[in-house]
Amino acid sequence: MENIITIDGPSGVGKGTVSLKIAEYLRWHILDSGALYRVLALVAKRNQVDMDDEIKLIELATKLDIQFIPLVNKLQIIYAGQDIAVEIRDETYGKMASKIAVKPEIRKALLARQRAFYTSPGLVADGRDMGTIVFPKAKYKFFLIASCEERALRRYKQLINIGIYVKLSELAVEIASRDQRDSTRTTAPLIAASDALTIDTTKLSIEEVVERILKNISKRA
Ligand code: C5P
């Protein structure tokens with residue numbers, strides 16, 4: 001698949017921001033797959049569906065109708081006619097999403113929805129299993145990493161920026177436990193695809209990461 005870029009990696013590494021910039025630059029579509037899991041958690045909460053009620057969660061997952069609309073350095077996430085991008089960024093939904101995401105049947109229910117985002121002229125997809133499971137045939141695969149401290153700080157700044165106030169120390173603990181759960185689950189764990197290029201972004205700015213990715217793509221195009 002010539003026109004898919006997958007960007008995977010742990011929480012707070014900057015995948016979302018990098019993906020948005022690349023998608024805007026190339027004028028390609030964008031899939032923030034983590035948002036699907038977060039929205040599912042939000043919808044479950046709104047409908048008072050228990051996190052262990054797999055049947056109901058699968059039903060909600062198959063009906064999930066989400067649109068991603070880039071808007072100058074911002075990604076609007078539209079669900080039921082509303083932009084819920086800020087609401088789902090709360091770590092409550094991150095944690096719920098990660099708990100939902102361990103269930104293979106729910107992942108299966110979301111697979112077709114994720115693949116449907118692939119339309120012309122191309123797609124930038126970010127998440128945990130974009131390069132391994134959802135788009136294994138993507139031509140361009142990247143896996144971003146950064147130290148735990150740096151990732152907690154990045155997520156902290158991102159949340160403060162959108163008006164969500166959290167304690168850095170608590171956020172660091174939550175992110176570490178989410179990463180642990182995401183990396184050790186049996187279905188689609190957080191892991192670099194064997195043909196992905198891993199980039200340690202700890203000491204890089206967003207612009208530097210974007211530049212590296214675009215350079216790598218143009219070298220291989
Ligand atoms: O990327 P984000 O922090 O929004 O993802 C929230 C959670 O959704 C992750 O911690 C992970 O458990 C789950 N997820 C996943 N597979 C993806 C994207 C996200 O399991 N492709």
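Every number for a ligand or one of its atoms is a count from 1 in the order of the listing.
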- request: Go through the structure and list residues passing side chain to side chain donor-acceptor pair (under 3.5 Å) with R113, not counting sequence neighbours.
  value: none
Under a 4.0 Å threshold between the charged nitrogen and the carboxylate oxygen, would [Y] count as salt-bridged to [X]?
{"X": "E24", "Y": "K21", "answer": "no"}
{"X": "R154", "Y": "E149", "answer": "no"}
{"X": "R178", "Y": "E174", "answer": "no"}

query: With sequence neighbours excluded, what pairs up with F68 under the ring-ring contact (aromatic ring centres under 6.0 Å, His included) test?
result: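 Result, ring-ring contact (aromatic ring centres under 6.0 Å, His included) vs F68: F117.
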query: ring pair (Phe, Tyr, Trp, His ring centres under 6.0 Å): which pairs involve residues 134-175, sequence neighbours left out?
result: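 Non-adjacent pairs meeting ring pair (Phe, Tyr, Trp, His ring centres under 6.0 Å): zero.
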- request: Select all protein residues for which some heavy-atom-to-ligand 1 distance is less than 4.0 Å, and list them by chain and number.
  value: S33, G34, Y37, R38, R89, A97, S98, A101, R107, G127, R128, D129, M130, R178, D182, R185
